[in-house]
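Reading through the structure tokens given below for one structure.
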Protein chains: 2
Amino acid sequence: MNKYLKNNEWNIVEEGFDPKNHKASESIFSLGNGHMGQRANFEERYTGKSLQGNYVAGIYYPDKTRVGWWKNGYPEYFAKVLNSPNWIGIDVQINHDYLDLAKCKTENFRRVLNMKEGYLQRSFVAVMANGNKVKVEVIRFLNMAQPETGAIKYSITPLNFNGEISFTPFIDGDVKNEDANYNEKFWNILETETIDFEGYLLSQTKKLDFSVGFGMKCQVEINGEPFTEAPTHIKGPKYVGNIIKLNAKEGDSVVLYKYGAVLSSLNHPASELLKLTKQKLVETAKTGFETLFEAHKNKWSEIWSHSDIQIQGDIEAQQGIRFNIFHLNQTYTGEDERLNIGPKGFTGEKYGGSTYWDTEAYCIPFFISTAPSKVTRNLLIYRYKHLQKAIENAQKLGFTNGAALYPMVTMNGEECHNEWEITFEEIHRNGAIAFAIFNYIRHTGDDNYLAEYGLEVLIGISRFWSQRVNYSEAKKQYVMLGVTGPNEYENNVNNNWYTSTIAKWCMEYTLQCIESIKKQNFTKYSEIVTKTKFNEATEPKKWKDICDKFYFPYDSDQKIFLQQEGYLDKEQVLTSQLDPAQRPINQHWSWDHILRSCFIKQADVLQGIYLFEENYDLETIKRHFDFYESRTVHESSLSPCVHSILAARIGDMPKAYKLYLRTSRLDIDDYNHEVHEGLHITSMAGTWMSIVEGFGGKRVLHGKLHLNPLIPEKWDEYSFKILFKGVDILVTVNKQQVNLTAKNHPATINIYGNDIDLKPDKTENIALRTKIES
Amino acid sequence: MNKYLKNNEWNIVEEGFDPKNHKASESIFSLGNGHMGQRANFEERYTGKSLQGNYVAGIYYPDKTRVGWWKNGYPEYFAKVLNSPNWIGIDVQINHDYLDLAKCKTENFRRVLNMKEGYLQRSFVAVMANGNKVKVEVIRFLNMAQPETGAIKYSITPLNFNGEISFTPFIDGDVKNEDANYNEKFWNILETETIDFEGYLLSQTKKLDFSVGFGMKCQVEINGEPFTEAPTHIKGPKYVGNIIKLNAKEGDSVVLYKYGAVLSSLNHPASELLKLTKQKLVETAKTGFETLFEAHKNKWSEIWSHSDIQIQGDIEAQQGIRFNIFHLNQTYTGEDERLNIGPKGFTGEKYGGSTYWDTEAYCIPFFISTAPSKVTRNLLIYRYKHLQKAIENAQKLGFTNGAALYPMVTMNGEECHNEWEITFEEIHRNGAIAFAIFNYIRHTGDDNYLAEYGLEVLIGISRFWSQRVNYSEAKKQYVMLGVTGPNEYENNVNNNWYTSTIAKWCMEYTLQCIESIKKQNFTKYSEIVTKTKFNEATEPKKWKDICDKFYFPYDSDQKIFLQQEGYLDKEQVLTSQLDPAQRPINQHWSWDHILRSCFIKQADVLQGIYLFEENYDLETIKRHFDFYESRTVHESSLSPCVHSILAARIGDMPKAYKLYLRTSRLDIDDYNHEVHEGLHITSMAGTWMSIVEGFGGKRVLHGKLHLNPLIPEKWDEYSFKILFKGVDILVTVNKQQVNLTAKNHPATINIYGNDIDLKPDKTENIALRTKIES
């Protein structure tokens, strides 16, 4: 834990510069606009510890794998998000000395991430070695309204001298990934060009031929007047820059505007990238900083109008939840179905920026309720387009007949992870992808999605499950052997309850969807049958048989679904008995020690109960919560939110609140001393879930929105919005009552078990309950 | 399979040179003398495909690990056998053209590994590009009588010309390991020196500071007369050589003798290595080639006098078994308790030349019966000296109180393997190390070993088992969770029958040893109690309790001990139902597919039954053999021999013979197309076991040697020797009878269940049985 930032409702604020926090701040203050993102690196030279990071969405690199012991079936490469040419750089010299916060004294340093309006602001007074004092203020944003551009306003005022100030705005293509497996560089720089106040760089990945054009265009003003004296050009094989020198007097306001454009071959012909980059910059510079900034802010205002959560009486919680919502929206905007959400988004390299099940299990529940339905739809279509690769992936593992196994980690649909117990065995990801289809449809009412895209995916996945189980002659039931569940502190177990549960659900849901499409749209049904070579005679029969005879481990004494077969053979110790000095166990115990223990990284039985809660009565949920929560060490950032939601469900609000806090400020307060590597973007969605589904009790059952709001003791009031079937519902909960408003449209909502009809824009008040019955 | 070598009783013979077999031959024709070894690389330049390999016993390198996903507890380095400076090199030029078998035509090429006398011989006629024809004959041996030396006799005769012949004998220190993880070189060359007909090179490993001095000294003769014209010196930073030019006439016999010396800092002060290397070479050269060769051959004669197996009527089997015995003796001579036996010995790099459980489980049963007892004793002391490191290794994994876990792979007692399911879980190796102590004592009668060394090891290992199990409240028994057995096609299983069986045996044996030493030598007993801090009150009680309540998976319907809990939940398919095109499955199936299948790499239940056979009646053995053999794919070279022994035990001689054949010529006939990487040294011992323990039915029970000989149908006669309690027993089995002779001493042997007293050197004849009852 490292608590160095100020509490503030709408901003993240760092006051005073401490180099030891800088890499953490680079992550926390990161910017992104869906198309690109970057760590909060300084524009000017900084020779202290830093992780330079610029990322362009969808541009990745197939790095050579580093595997100790090769296993058959491993992919040949490990794809990683590419650290890209740095276009934000502006070297600054004051009377020939580099401005470098690692070397000069700073006063009144203040760094602000303005989450409401989506920009990064930094101000400080620097005292140079020669005694020159300058006041610096920098504003930077990545344009949400025009995602291929960004802008920087860099202002300097000499405070105690007249002298030369020089700016060297540049683009540097000589970058590398810190996590490159063999220390190789991944970019070729094909072209560089420098003209007055402008620079261009065309880069191409050494494999896969992604091209990205980078451009910069600058304007300089002294006291509001343009400065146009021709700069000196610098042009290296991987670098373009301009040296702009000017003389300034004490008190002068010197401002450099740097506009950046980043255009990739995902969106434009590679051959025209530089030309288009130039055009884009001409437009951008012409529009000017303030107008661009205004449009950007308006876009953020629109985002917040759907997704904001307000909390009264708990400023830390308020800041935490907005921080999470802000970064999720910076990472993914839903414009492009080729993109997805990496565990660290645009804020670091670790985990390769690839797609995990996190998207379906965590991010979709967030976006589905806070953003227009096309955002989630695009995330689903991303997987739909990878169906063929998922089928090929399953083939590699010996499955046949169109069975699809989606990859554990992917950039383009191919598996790119190699750890057998995860890559081959953590197959529950397939379940999350199926569930997301169901979840999308029940939230949006977009039934057409099923016939158009969803069913093909469901059939592929159900086929996988039907082949992945086998009939045990010993048990006379179907078993699923050799699985790793979401609880990665168990590997290669048999009959993981969660995986088997979601597999069974998936086959049943698929059968139901097949029946319903057959009835409603026989033409489409026939098309799908043909396309997937679906065998109507044998496949449904086989799936039904499996579902009827699916084995689930259960302890009848304690009436507990067992995480896996044999779980109770382990020594049963509770986390309360664990020596705190041994935690986190993943930093103190050897891997086999962790595996042998009963401790759970992330409770997968509870994850299953969370997904299918309507199937279990309150007593059952409570019994399982008590059993598993007491054994869970929450050493996955994805873990506490589900427990928090269930704690609220069983009425244990203090516990729910405690678990919520753990997720909400995980990065701001750097609980695990790792925020310097990047933010936990995907788990941020869990924080939102803790409030809306936990405290707010939001569920969707039988096509209807249900709410069961409670309020944490510490809070005076909180409110959230849910976009449900196209209608924005505002929910405000205070100590006395729940206020519900449907925006522009009527809506029917079930609250505390009773349906209530909302008229457009008319708020209904319901008395708050302090306990949820049954 | 690649059968290109001639059948011959005592020799391995290659006729005709085919470059595509050269790397395989380099392995097969390897030389070693315990102190050093080398692949059968050509002395003269060879630009075709080759794996240059020279190895010095005990000299290894801690290479940086290559791990995809680090797990807590992994060792920091991966030790590998070091490819060392090449001292055998002799560049040959004929009228300025390099002799290079990749470039010239060869006639009458013949390469012979003379196993009886332990040398490598090569002869051929080379036709150079310019038409010059030379006859070449080379003899090379690594001196068994003086292990730090080797000698080469390189003879050339011009067949159709008069002209210049030049020899460049050299030592090349610029070598690298093909399996270096990051393509780094591991040697520093500290000194090079060249004088007339001599060269010296002092090398030091970049880490760990092992130093090795290499020296060469040459003599040249033309038609038996010394040639002494001063050569030209070559000396590079990593290379020393002499260019010796002479004019020869058609029919002249030109001979270069090259003596090599290799002295390591394991045996001499590093500072004196070059000096001592020179001294050693002076002596060696003075002794001369023929005398050295004679002493070397005598040493081999002595080795064969204990260890030879003769087979009449099956030349392939005869050649196969001698090949195996020969290479085992080249690899380990038992002179030095710091050395051990790598899976590939001195014949290749793969598996790092490190120590595995192979030594205890396979090599010791061979050496214990074919070599003086000190050989095995030194192998045991090797582990004794590593006890403290084994205790530290266990501590890293969370064990306490002197529990010892020996490493899976080691050079110096430290673990140097990183694959969690093996490194942390394949703990049965601890059992093999304990069993080897028991096995040594019952064969040699060296009871003192226990008090002196053995018991400390047994206590450390038993402590490990007692902590590694846990009491299952669900089963009310002790379970051992998260284990990988010898069958590595199952990972992280619960209650592996073999591991639990050997663990229980180990604790019981340790308790029995403690009691016996307490009774026989109370002083020593007290010393051990103090040294190991053995708690007499609690530890034996705990171990007994565990042994009393140890859980073993068992299927009562089929009356089968189950390889692990839940094995019968797998789809039960037999190897006979496997599509041959899918075999070996480890080359055709993904890892998870292998893990999920019921197929067995190496049957560990049978391994356990083999070790503790006296506990099971014939019916039980037969039942288990039938069950497991039909599911075993034998994709470990360590697998077939145990099955062969048990097949003989249950009287299925055709099966026993078939399984024997698979091991015996595994390398000669290159069954798995991998012999170019090196030989399967440790599994060679299994071939010996198949004959002596399988066909010969050799067992030691209650301190007595038992035999139950049978004869394979194809064989007319076979004989083997067993060194038992210091007495050489010769056993000859033909179609009618078994002849037994004890050399020099009397002996009592149990044959077919009856004791027979052998008088010294008087052969007893017993009628052969064709079936073993009960």
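Note on naming: letters A, B, ... go to the chains in the order of the sequence lines (proteins, then strands), and numbering restarts at 1 for each one.
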B:Val67 and A:Arg66: which non-hydrogen atoms are nearest, and at how many Å?
O-NE, 3.4 Å

Which bit of B:Tyr551 comes within less than 4.5 Å of chain A, counting heavy atoms only: side chain, backbone, both or neither?
neither

Against chain B, label A:Asn418 side chain, backbone, both or neither, depending on which of its atoms sit under 4.5 Å from a heavy atom there.
both

Between A:Lys475 and chain B, with a heavy-atom cut-off of 4.5 Å, which part of the residue counts as in contact: side chain, backbone, both or neither?
both

A:Ile427 versus chain B, the contacting section by heavy-atom distance below 4.5 Å
neither

At a 4.5 Å cut-off on heavy atoms, which part of B:His417 comes close to chain A: side chain, backbone, both, or neither?
side chain

Structural part of A:Glu425 lying under 4.5 Å from a heavy atom of chain B
side chain

Separation between CH2 of A:Trp591 and OH of B:Tyr74, rounded to the nearest 0.5 Å
9.5 Å

Among A:Lys396, A:Arg468, A:Gln477, which residue forms the greatest number of heavy-atom pairs with chain B at distances under 4.5 Å?
A:Arg468

Side chain to side chain contact (heavy atoms under 4.5 Å, CB included), that's the test. Do A:Lys570 and B:Leu481 meet it? Break it down for me.
CA-CA 8 Å; A:Lys570 295 180 171 236; B:Leu481 307 179; 3.7 Å; yes

Heavy-atom distances under 4.5 Å only: say whether A:Val479 touches chain B with side chain, backbone, both or neither.
side chain

Hey, which of A:Val493, A:Ile594, A:Asn491, A:Asn494 has the most heavy atom pairs under 4.5 Å with chain B?
A:Asn491

Name each donor-acceptor pair under 3.5 Å that joins a side chain in residues 397-409 of chain B to protein atoms two or more places apart or in another chain, with its distance.
{"residue": "B:Tyr406", "atom": "OH", "partner": "B:Arg383", "partner atom": "O", "Å": "2.8"}

Spacing of OG belonging to A:Ser472 relative to CD belonging to B:Gln572, to within rounding of 0.5 Å
9.0 Å

Shortest non-hydrogen contact from B:Ser590 to A:Gly73?
CB-CA, 4.1 Å

Give a yes or no on whether a salt bridge exists between B:Glu421 and A:Lys71, defined as a side-chain N under 4.0 angstrom from a carboxylate O.
yes

With rounding to the nearest 0.5 angstrom, report the CE to CG distance, A:Met480 to B:Asp569.
13.0 Å

Roughly how far, to the nearest 0.5 Å, is CG of B:Leu568 from CD of A:Glu473?
10.0 Å

Of all heavy-atom pairs between A:Leu595 and B:Asn492, which one has the smallest distance, and what is that distance?
CD1-OD1, 4.3 Å

Does A:Glu565 reach the side chain of B:Glu565, with side-chain heavy atoms less than 4.5 Å apart?
no

Does B:Asn72 reach the main-chain N or O of A:Asn586 with its side chain, forming a donor-acceptor pair under 3.5 Å?
yes

Centroid-to-centroid, A:Trp69 to B:Trp420, below 6.0 Å?
no

Give a yes or no on whether B:Glu571 atom CD has more than 12 heavy-atom contacts from other residues, nucleotides or ligands under 6.0 Å away.
no

